[in-house]
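Naming: A, B, ... by sequence-line order, numbering from 1 per chain. Note that the coordinates shown come from a computational prediction; the quantities given were computed from them, not determined experimentally.
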2 protein chains.
Amino acid sequence: MTREVGARIRALREARGLSLSALAAEAGIGKGSLSELETGRRNPTLDTLYAVATPLGVPLAALLDDHDGAVIGGGGVVATRVRVLRETDRTTEVYLLRLAPGAVRTSPAHAAGVEEQLIVVAGHGLVRYDDRTVALAPGDHVRFAADRPHAYEAGPDGELEAVNVIVTPSSGQLDR
Amino acid sequence: MTREVGARIRALREARGLSLSALAAEAGIGKGSLSELETGRRNPTLDTLYAVATPLGVPLAALLDDHDGAVIGGGGVVATRVRVLRETDRTTEVYLLRLAPGAVRTSPAHAAGVEEQLIVVAGHGLVRYDDRTVALAPGDHVRFAADRPHAYEAGPDGELEAVNVIVTPSSGQLDR
DNA sequence: GTGCGGCGTTCTGTTTACAGAACACTGTAG
DNA sequence: CTACAGTGTTCTGTAAACAGAACGCCGCAC
């Protein structure tokens with residue numbers, strides 16, 4: 001996570017032809033801090049992130065990569081965010097999940113009212129929610145409330161690939 | 001800044017009917033940390049922000065409020081982000097600036113290629129860039145390269161209100 | 001060759017974010 | 001009334017983010 005953010009900052013900085021020292025000076029932070037930040041060895045503070053984003057001329061979200069195409073994965077699981085649609089009453093996120101054979105993706109409980117759906121594109125596996133375990137095969141569709149812990153698990157003999165849609169209700173005052 | 005983020009977290013938490021203790025437990029952080037974070041007395045770490053965003057079921061950007069309608073101001077200056085349009089080759093941001101009488105908004109140099117425009121809606125003031133000082137009156141329009149430090153200044157006898165458009169070229173690898 | 005200015009990294013002491021405990025407060029049960 | 005389980009706050013020691021200095025490296029001038 002910090003590694004990705006750091007790499008993104010370095011890419012943005014180099015794209016602008018700025019030296020590390022120059023960006024640190026513009027941002028008003030120590031260049032040692034920026035060096036360790038870019039190499040992912042620091043867990044930056046909100047202040048620091050903001051200080052860096054400003055002279056780079058990008059919104060903070062660009063550093064966090066919280067947009068379409070974000071890749072969240074790790075540990076045999078790759079989740080590519082295909083689409084985020086923020087509407088007044090709900091946010092819908094679409095991911096393409098790919099799990100290596102045997103890999104498990106566990107999710108903590110989301111907020112109340114969050115619903116997940118899954119359509120298997122390829123491979124076999126399991127999804128666990130509540131006390132149920134449901135087998136997954138290509139073409140299968142699952143829908144469940146995601147306000148409890150749940151997990152996806154790829155079968156042992158092949159990659160599991162699936163489309164995952166998460167709908168989060170906005171509970172009123174999310175947007176103003 | 002930390003104050004705004006904290007307030008937003010508290011609003012999201014209460015909207016979901018979660019107690020502070022419960023959210024802290026779900027996020028895996030100390031409840032003292034969350035308390036001080038929500039009251040704006042802490043400058044949270046990237047890890048902490050991410051830990052809090054996850055059980056709330058929102059993307060990180062929702063906590064940072066890096067979207068349309070964001071209010072950036074402070075110190076006699078209020079900047080309301082009216083619109084952000086992110087395209088493949090450039091990002092365009094539109095702000096409505098309001099400066100209290102005598103207030104000054106200084107900007108550090110943005111990245112190379114960034115261009116700003118200003119249309120004065122009401123009031124009088126000055127804009128400084130390069131070595132030039134240009135007077136502003138209602139209806140006036142200014143356009144300049146923002147890759148050098150620049151400043152807006154409201155006149156002494158009334159609020160200055162203006163539309164500010166900032167165009168940042170994407171320099172290739174910003175989006176992937 | 002010797003300087004010297006720039007680069008990014010690593011090192012130093014100070015500040016502070018962190019987890020968790022102790023705390024004060026409120027409502028409910030008995 | 002006391003006991004208690006819940007709330008959010010403030011306190012305490014530890015880990016780490018911070019600014020800035022010191023360092024090693026490279027390229028260029030001379």
Output the distance between atom CG (A:L118) and atom CG (A:L160), rounded to the nearest 0.5 Å.
7.5 Å
Whole-Å distance between C:dT9 P and A:E38 CD?
7 Å
On the nucleotide C:dC7, are OP1 or OP2 found under 4.0 Å from the side-chain N or O atoms that A:S19 carries?
yes
For C:dT9, does OP1 or OP2 lie under 4.0 Å from any side-chain N or O of A:S35?
yes
Close side-chain approach of A:L60 to A:L63, heavy-atom, < 4.5 Å
yes
So, is B:R42 close to the C:dT16 phosphate, meaning a side-chain N or O under 4.0 Å from OP1 or OP2?
no
Atom pair CD1 (B:I29) and CG (B:L23), whose distance is rounded to the nearest 0.5 Å:
6.5 Å
DNA chain D: 5'-proximal contact among B:N43 and B:T39 (nearest heavy atom)
B:T39
Would you give the length of the straight line joining atom OG1 of A:T48 to atom CG of B:N43, rounded to the nearest 0.5 angstrom?
6.5 Å
Atom-pair distance (CG on A:L34; C1' on C:dG8), nearest Å:
10 Å
Less than 4.5 Å apart, side chain to side chain, heavy atoms only: is that true for A:L64 and B:L64?
yes
Reading DNA chain D 5' to 3', which nucleotide is the first, and which the last, to come under 4.0 Å of any heavy atom in chain B?
D:dT7 to D:dT10
Taking five pairs at each terminus, the helix from C:dG1-D:dC30 to C:dG30-D:dC1 shows an axis bend, to 10°, of 0°
So, is A:T45 close to the C:dT16 phosphate, meaning a side-chain N or O under 4.0 Å from OP1 or OP2?
no
Check whether any side-chain heavy atom of B:Y152 sits under 4.5 Å from a side-chain heavy atom of B:N164, and report yes or no.
yes
In whole angstrom, give the distance that lies between atom CD of B:E36 and atom P of C:dC18.
9 Å
Are B:L20 and B:R10 packed together at the side-chain level, in the sense that at least one heavy-atom pair is separated by less than 4.5 angstrom?
yes
Minimum heavy-atom distance between B:A135 and B:L126, given as atom pair plus value
CA-CD2, 4.0 Å
Taking the nucleotide of DNA chain D with the nearest heavy atom to each, does A:G28 or A:K31 sit closer to the 5' end?
A:G28
For B:L20 and C:dA19, what is the distance between atoms CG and P respectively, to the nearest whole Å?
13 Å
Applying a 4.0 Å non-hydrogen cut-off, can you work out what A:L37 is touching in the nucleic acid: base, sugar-phosphate, or nothing?
nothing
Give me the atom names and distance for the closest heavy-atom approach of B:H124 to B:A137.
CD2-CB, 3.7 Å
